Amino acid sequence: MSECLFCGIVEGETPADIVLRTDEVVAFRDISPQSPVHVLVISTSHHANVAEIVAADPTLAGHLLAAAAQVAEAEGLSNGYRIVFNTGADAGQTVFHVHAHVLGGRDLLWPPG
Ligand code: 5GP
Ligand code: ZN
């Protein structure tokens, strides 16, 4: 078994509701959605966070962003969406395998109010 939860999803050891898979990335629905559409996009190779993936493999980081935009379009988020990379403990990162949160389907204006 993979030590990393998201490597486990890439390997098929951990079930997930996968919406997109390529050689470079996998996208799947967040288990605890914060908006009507909440999809996580990860690289198939392990990198801890966005700073590490962009330093190690900028082309792969580009694939991740392109997949996030592709997911948003496929989910019908033509009115707008947010892509978030929580990076490090202060930002609330809990899974240390880089993932883009694709959030949409409701008013996401931020800061609120
Ligand atoms: P972070 O807090 O690291 O930015 O985001 C981790 C995200 O992974 C959270 O939104 C959390 O709900 C999601 N998550 C944690 N465990 C699982 C899981 O086993 N399956 C899925 N699909 N999402 C998970
Ligand atoms: Zn991993």
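Numbering of ligands and ligand atoms starts at 1, following listing order. Scope of the values below: all heavy atoms of this structure, side chains included, with no hydrogens, waters or symmetry mates. These numbers were taken from a predicted model, which means no experiment stands behind them.
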Note: L40, heavy atoms under 4.0 Å from ligand 1, region reported as side chain
Quick note on ligand 1: atoms under 4.0 Å from a heavy atom of S32 include exactly 12 (O)
Under 4.0 Å from one or more heavy atoms of V95, ligand 1 contributes atoms 3 (O), 6 (C)
Within a distance under 2.8 Å of the Zn ion (ligand 2), the protein atoms of type N, O or S are C4 SG, C7 SG, H46 ND1, H97 ND1
For [atom], what's the nearest protein heavy-atom neighbour? Residue, atom name and distance, please.
atom: atom 22 (N) of ligand 1; value: R29 O, 2.9 Å
atom: atom 3 (O) of ligand 1; value: T94 N, 2.7 Å
atom: atom 23 (N) of ligand 1; value: I31 N, 3.3 Å
atom: atom 16 (N) of ligand 1; value: L5 CD2, 3.3 Å

- Task: Give a yes or no on whether the backbone of N49 and the side-chain of T87 come within a donor-acceptor separation of less than 3.5 Å.
- Result: no
Cluster link [X] to [Y], ILVMFWY, side chain under 4.5 Å:
X: V37; Y: L108; result: no
X: V19; Y: V41; result: yes
X: L65; Y: V71; result: yes
X: I18; Y: F6; result: yes

message = Can you confirm whether V25 sits close enough to I42 that some side-chain heavy atom of one is under 4.5 Å from a side-chain heavy atom of the other?
response = no
Less than 4.0 Å is my threshold; does some heavy atom of [X] fall inside it relative to ligand 1?
X: G92; result: yes
X: F6; result: yes
X: D30; result: yes

Who passes side chain to side chain donor-acceptor pair (under 3.5 Å) against [X], sequence neighbours left out?
X: H46; result: H97
X: N86; result: none
X: S2; result: E13

Heavy-atom closest pair (R21 atom, V10 atom, distance to 0.1 Å) is NH2-O, 3.4 Å
**Prompt:** For H99, is at least one N or O under 3.5 Å away from an N or O on ligand 1?
**Reply:** yes
- What do you reckon, is CG of D90 surrounded by more than 12 foreign heavy atoms closer than 6.0 Å? no
